[in-house]
Amino acid sequence: MDHFNGITPEERWKNDILNELRAIRQHLERNAQAVETVEEIEIKPVQRRGRRKGAAV
């Protein structure tokens, strides 16, 4: 833990919560950047081959 001597339990709890919030924000920002990268990539439609209408079976 990264606590100093003389800190009350409430202050320790608040510090832990703050560290958790920082970590969550960091993960959210990383995910948002990943989504922006994916949106920039142009996705080409897949050409499917199938039976033509009216073709003999």
Side-chain angles (χ1 to χ4, degrees):
M1 296 260 175
D2 54 351
H3 302 299
F4 298 102
N5 292 331
I7 293 181
T8 65
E10 183 181 355
E11 290 172 332
R12 285 186 185 159
W13 180 80
K14 287 179 181 179
N15 191 34
D16 288 341
I17 295 297
L18 183 60
N19 288 336
E20 288 291 325
L21 288 173
R22 285 180 180 150
I24 290 169
R25 181 178 178 143
Q26 203 172 36
H27 292 297
L28 288 173
E29 288 176 355
R30 192 176 306 142
N31 287 346
Q33 290 172 355
V35 169
E36 288 174 0
T37 304
V38 170
E39 288 177 351
E40 292 174 0
I41 299 172
E42 183 180 333
I43 300 173
K44 297 178 183 176
V46 176
Q47 183 177 7
R48 307 235 182 241
R49 294 184 181 193
R51 273 200 247 161
R52 286 180 269 151
K53 292 183 180 179
V57 178

Side chain to side chain donor-acceptor pair (under 3.5 Å) filter on E10, not counting sequence neighbours, yields K14
Identify whether L21 and W13 are in the same connected component of the hydrophobic contact network (ILVMFWY, side-chain heavy atoms under 4.5 Å).
-> yes
Spacing of CD1 belonging to I24 relative to CD belonging to E29, to within rounding of 0.5 Å | 12.5 Å
Is the shortest heavy-atom distance from the side chain of H27 to the side chain of R30 under 4.5 Å?
-> yes
